[in-house]
Amino acid sequence: MTKRFDVIGKPRRRVDGRAKVTGLTRFADDVVLPRMLHCKLLRSPHPHATIESIDVSRAQARPGVHLVLTGKDFPVTFGILPVTQDEYPLAPERVRYVGDPVAAVVARDEQTAFEALGFIEVEYRPLKTISDPEEALATPEPRIHSYGEQGNIHRLQAFEFGDVNEALAKADHVFEDVFFYQGNTHLPIEQHASVAAVDGEGKLTLWSSTQVPHYIHRALANALQIPPAHVRVIACPNGGGFGGKCDLHNHEIVVSKAAILLGRPVKICLTREEVFYMHRGRHPVLMKMRTGVTKDGKITGMHTQTLLDGGAYGGYGAASTFYTGVLQTVAYHIPRYKFDACRIFTNKPPCGPKRGHGTPQPRFGQEVQLDKIAEKLEIDPAELRLSIVAKPDSLTANWLKIGTIGLAECIRKVVASSDWKNRFRKLPEGRGVGLACGAYLCGAGLPIYWNKMPQSGVQLLIDRSGQVTVFCGATEIGQGSDDVLAAIVAEVLGVDPYDVRCVTGDTGLTPVDLGSYSSRVTVMMGNAAIQAAELLRDLIARAAAEHMETVPENVGFALGRVFRADDPGKLMSFREAIVLAEEKFGTLGSVGSYSPPRSPGRYKGAGVGPSPAYSYTACVVEAEVDRKTGWITVPKVWIAHDIGRAVNPVSARGQVEGSVYMGLGEALMEEQVFRRLPPKLSNALVHKIPSLLEYKSLTSLDMPEVFTELVEDPDPNCPFGAKEVGQGPLLPVMPAVANAVYDAIGVRIDELPITPDKVLAALEKKAKGETPRVGPESFPDVPYPEPMLVPPPWEGGDGNSVNTPRRRPLKKEALA
Amino acid sequence: MMRLPWFEFHSPRSISEAAKILAAEGPQAMLIAGGTDLLPNMKRRHQTPATLVSLRQIEALKKAANGSGVTLGAAFTLNEIVANAAVREQYAGLWQAAAQVATVHLRNMGTLGGNLCLDTRCNYYNQNYEWRKAIDFCLKKDGEICWVATASKRCVAASSTDTAPALMSLGATARLVSTQGERDVALADLYKNDGIDYLTRRPDEILTEVKLPAPEGWRSSYWKLRRRGAFDFPVLGVAAAVRTASDGTVEDARIALGAVSSRPFLTKGGELLIGKKLSDDAIAEAGAKVASAAKPMDNTDLDLYWRKAVAAEFVGYALREIRGDDMSATRVRIARHAL
């Protein structure tokens, strides 16, 4: 990688930056079509109830109302994962959380639709409210869903890679901790909006705030029972996604159906409250970690158990459940690993993927536990981590293939920049520093539905005008995917990235890309884009070589010029070269596609966790904690991210800083919490604070100074070596805050968020001589099944399991 | 988005014209003086006035007068109060309170009078209609039960004004004008400890101005507890004003609390300081006394027991600032910016 780059690695204004800052980007709610109508949804006021009757006649008769839809208009269930088709666009007979939609009004304007909702009469028969996992484990009936493992358990998973009990028995120390990570939500500034319209031939187009137009295309056609060829989904640029726009949403199906029935465009824009009900955010996870270590800090084995509060529907939950375990092994060498996970249904808005998808919770537990281990063993936490960092080009106990790993360099960088050695355990009382690390995927190895086709496709169009248009299904959600696409094409063709037109996220025009999730876009779209651009460059080189009387290999491309590499004075403009190529080859175009390498794991369940590459991050947080009030201030954060190579360092740093912002919110204040009214008086279970005012996340005034460093060790699986940056840098922030609070005042807050009342409570315990800790006291009895046994690579395994576990979970008394 | 209900809109040019409209329309009319709180509330159907009477065009409400003390028109925006040199120099507590209301954007619209008459808040109440329906509503609006304290016959929604405790500690009065005449009330007498009927102002009265007594010898301070450096309403407001003799002996002192009751109120903590110097012990004693009067409920942000536990400390911040201690580092940690 000694090649000099003209575009890659240069800090630049992003190609869509001007439109964004001048307000010209057209988001879904900006789509306005002639004869467009507006839709509002009537939502359940009950957390759990059967619908006895719905009378829409009075609403239907209101002036300006065009259509009222109910559950009977939608006979087909849907769900983003093929294994979890458990949602209805409008609930036909059962509502499962406050906010579950039961009817829709389409009217001439939003106000009319809203007012008509008040004329729909719904009779409910309330069912028992199930508000949290422990209540659900103790309450197998009524079942929120008739499918699942048993009672109100949605999913159970258990894997064991080597005999962990034996590994723990041989350890010098075994650490056992219980942690809790409260749920929180994505908080995109753009609320979800969708516009559906049918053309004169009856074909449907949906403009929507979505991260995954291809998945929506498939699922929408199925939900409406119409041919996919008659459906086009256009992902408008998203005003933030963070995982909250990855599901097919009920309102997307409703407006599509309404547009088909009425022959007129129909729009919906959710209110902020409704976005909180749509949710699909971070699962609340209770977790127990048992880790064996030698006296010099080497891990001998780890057993992680997780209990996820899934909310009312499946969504991506089955994948989230896996992710609370599978990536624990890619940061540090863990020779034996066991992982049990359980996801529960409760009467709350469904949880799903949020930045880091299922991995920030166990990462928080693991990194805080490592801090405790380091203290007990009297080893500096940075040194401890450096001594156990996983090896490059290695396999993990659960058969994940690690390629490049820049974690040690990240740790060294933040240790140096934060002056760690002179500050850790050395700052005055009330001030402290904490260190933590993280690791993340650069794209999920498998798509959410089984197929052997490419996961990203790119098509290029070039013509005699000199224009370069690149088509890809990837979706610009604010993360800068269009900029990455333009930069990569521009680098290969030697043109200005601002001259490349990106047409993205449109299932009617662009080749399939699976979408903006799992930090997959740069790697997968980027590799496909390189392939397409190199094919065209080769054609142009052949035509230009003929003209310049040389061989194609001797033709260079840079700065909008095509030249003889051995004699750069002999040159022509890119446009002149295209004319030659078009003369020689006819109309010019090319395609590229990408499929990730096959993963070595062969056991059932090995499909979650593999990735073409893993990114790594290390972070040091400084905290000031007031002893009298528990008030927490974070004055500075140092963070280093192993990005492989930064395509555009300005955007990359922005992603890192955005992760710090979100991470501090999760660490210090964000929580998606609910109010259960006194059961003697009410069945109510409501979101406590569904508003941007009362759901607290940091303001710019609360944001500390962030010192960001990028570690660039190009990964051969990645385009120009570039790994992900969208999610990984979030992961170390939360545990680093917890560890900094401990360094400052010597109390452990083993649950998130870390709020001043918890700190003060822990300080009071400390003053009384009790264990200075606030966090969960115990882990409930969860009926995990017999684990699938898979020997790790170094214990003679071949990637297959050596047993066939009973499918039925072990019955426990709680479920009798 | 959530939409406003329909309403009639009047924009009179004079106080007397506004008073006449209010008298004619009766209680179905409401005043709007900025609307940063009222309009979101109307979207959530907390208030559905048939008529809104805007005070924005009334120049007489935007006058300041200096004499013995300062008189401030009620329609000054909070940022105009912040920019007022007399306020900044002589009434630090009011300045600090006004400067910490909501955000700079909201302070450009929100007014002094609006902040003083701010609706009480409760997180069972400040929710949209559908949410409130899901809990079968509450005592404050459309329901029967106070969900914060189910045995309570009284609504316990929290007063959330920042400027009122500051003005109380400074001994301010407010003028109320109607077609029946005008009257001046001490700030403390403007409020009632009832989350629904929280003002002694009659529906036909307009709060036209606030009068601050001469500042000679007084120093004041306001400390606001909220989660973040912007946006949030107070979950505790401590306003203190102290007049000392030249040797530092306290001659008079008032300490008011906000956001821990349905009204802002003067505590007995100030009296404890009279005749003493602002020693650490005296401050701690006053802090404990003031904190004992704080009765936070589980209806706002942050844990209520914690909010009560830190009240004394916040009283200490205010008194130490008045004493002359350099509190700037603490201020930056609490307010998230320098004031």
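Every chain is numbered from 1 and lettered A, B, ... according to where its sequence line falls, protein lines coming before strand lines. We use all heavy atoms of the structure for the numbers below, so side chains are in, but hydrogens, waters and symmetry mates are not.
- Heavy atoms closer than 4.5 Å to chain B are found in both the backbone and the side chain of A:Leu693.
- For the side chain to side chain contact (heavy atoms under 4.5 Å, CB included) with B:Val148, the lone residue among B:Thr300, B:Leu304, B:Asn123, B:Val156 that qualifies is B:Val156.
- For A:Thr755 and A:Asp757, the side-chain atoms include at least one donor-acceptor pair closer than 3.5 Å.
- Only the backbone of B:Leu4 comes within contact range of chain A, with at least one heavy atom under 4.5 Å from a heavy atom of that chain.
- Using non-hydrogen atoms only and a strict 4.5 Å limit, the part of residues 271-279 of chain A facing chain B consists of A:Thr271, A:Glu273, A:Tyr277.
- When heavy atoms are compared at a cutoff of 4.5 Å, B:Phe233 approaches chain A solely by way of its side chain, counted from C-beta outward.
- Neither the backbone nor the side chain of B:Tyr305 comes within less than 4.5 Å of any heavy atom of chain A.
- Within residues 119-130 of chain A, no residue approaches chain B closer than 4.5 Å by heavy atoms.
- Stacking of B:Arg3 on the aromatic ring of A:Phe114 is not recorded, the 6.0 Å distance cut-off and the 45° axial limit not both being met.
- Of the atoms belonging to B:Thr150, it is side-chain heavy atoms, and not backbone ones, that fall under 4.5 Å from chain A.
- Interface check for chain B: of the options A:Lys688, A:Arg675, A:Glu694, the most heavy-atom pairs under 4.5 Å are formed by A:Arg675.
- For A:Ile632, the part lying under 4.5 angstrom from a heavy atom of chain B is the backbone only.
- Residue A:Asp29: no heavy atom, backbone or side chain, is found under 4.5 Å from chain B.
- Of the two parts of B:Ala230, the backbone and the side chain both hold a non-hydrogen atom closer than 4.5 Å to a non-hydrogen atom of chain A.
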- Query: What's the verdict on salt bridge (Lys or Arg N to Asp or Glu O under 4.0 Å) for B:Arg323 and B:Asp280, showing C-alpha distance, side-chain angles and the deciding distance?
  - Reply: CA-CA 10 Å; B:Arg323 183 169 71 183; B:Asp280 287 353; 2.8 Å; yes
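- With chain A as partner, the option from B:Met2, B:Arg333, B:Arg307 having the largest number of non-hydrogen pairs under 4.5 angstrom is B:Arg333.
- At a 4.5 Å heavy-atom cutoff, A:Leu270 makes no contact with chain B through either its backbone or its side chain.
- Between A:Val98 and B:Ala134, the closest heavy-atom pair is CG1-CB, 3.8 Å.
- Of the atoms belonging to A:Pro635, not a single heavy atom falls under 4.5 Å from chain B.
- Note: B:Trp223 and B:Phe314 have perpendicular aromatic rings, judged against thresholds of 30 and 60 degrees for the angle between ring planes.
- Only the side chain of A:Ser691 has a heavy atom closer than 4.5 Å to any heavy atom of chain B.
- One finds the CD atom of A:Glu190 at 7.5 Å from the SG atom of A:Cys269 (value rounded to the nearest 0.5 Å).
- A salt bridge between B:Arg228 and B:Asp301 is absent, with no side-chain N of the basic residue lying under 4.0 Å from a carboxylate O of the acidic one.
- Heavy atoms of A:Glu115 lying under 4.5 Å from chain B belong exclusively to its side chain.
- For A:Leu42, no part lies near chain B; criterion is any non-hydrogen pair under 4.5 Å.
- Listed options A:Leu677, A:Val686, A:Ile689 were ranked by heavy-atom pairs under 4.5 angstrom with chain B; first place goes to A:Leu677.
- Listed here is the closest heavy atom pair of B:Ile283 and B:Gly316: CG2-CA, 3.6 Å.
- Counting heavy-atom pairs closer than 4.5 Å to chain B, the top-ranked of the candidates A:Pro690, A:Pro47, A:Gly99 is A:Pro690.
- B:Arg227 has no carboxylate O lying under 4.0 Å from a charged side-chain N of A:Asp702, or vice versa, which leaves the two without a salt bridge.
- Among A:Arg43, A:Lys758, A:His46, A:Glu624, the residue with the largest count of heavy-atom pairs under 4.5 Å with chain B is A:Glu624.
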- Message: A:Arg96 vs A:Asp100, test: salt bridge (Lys or Arg N to Asp or Glu O under 4.0 Å). Steps then yes/no.
- Response: CA-CA 7 Å; A:Arg96 296 180 170 89; A:Asp100 216 355; 5.3 Å; no
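- Between B:Lys224 and B:Asp232 there is no salt bridge, since none of the side-chain N atoms of the basic residue sits less than 4.0 Å from a carboxylate O of the acidic one.
- Taking 4.0 Å as the cut-off between side-chain N and carboxylate O, B:Asp119 and B:Lys141 do not count as a salt-bridged pair.
- In this structure, the portion of B:Arg44 lying under 4.5 Å from any heavy atom of chain A is its side chain and not its backbone.
- Counting non-hydrogen atoms of neighbouring residues, nucleotides and ligands closer than 6.0 angstrom, the NE2 atom of B:His337 exceeds 12 such neighbours.
- Counting heavy-atom pairs closer than 4.5 Å to chain B, the top residue among A:Lys628, A:Gln191, A:Glu110, A:His687 is A:Glu110.
- Residue B:His46 holds its NE2 atom at 5.5 Å from CG of B:Asn41, rounded to the nearest 0.5 Å.
- Salt bridge status for A:Arg627 with A:Glu429: present, with a side-chain N to carboxylate O gap under 4.0 Å.
- Residue-environment remark: CZ (A:Phe180) exceeds the threshold of 12 foreign heavy atoms within 6.0 Å.
- Scanning both residues, A:Ala193 and A:Ser209, for their nearest heavy atoms gives N-OG, 2.8 Å.
- Taking 4.0 Å as the cut-off between side-chain N and carboxylate O, B:Arg132 and B:Asp142 count as a salt-bridged pair.
- Neither the backbone nor the side chain of B:Asp136 comes within less than 4.5 Å of any heavy atom in chain A.
- For the residue pair B:Arg331/B:Gln96, the side-chain donor-acceptor check at 3.5 Å is satisfied.
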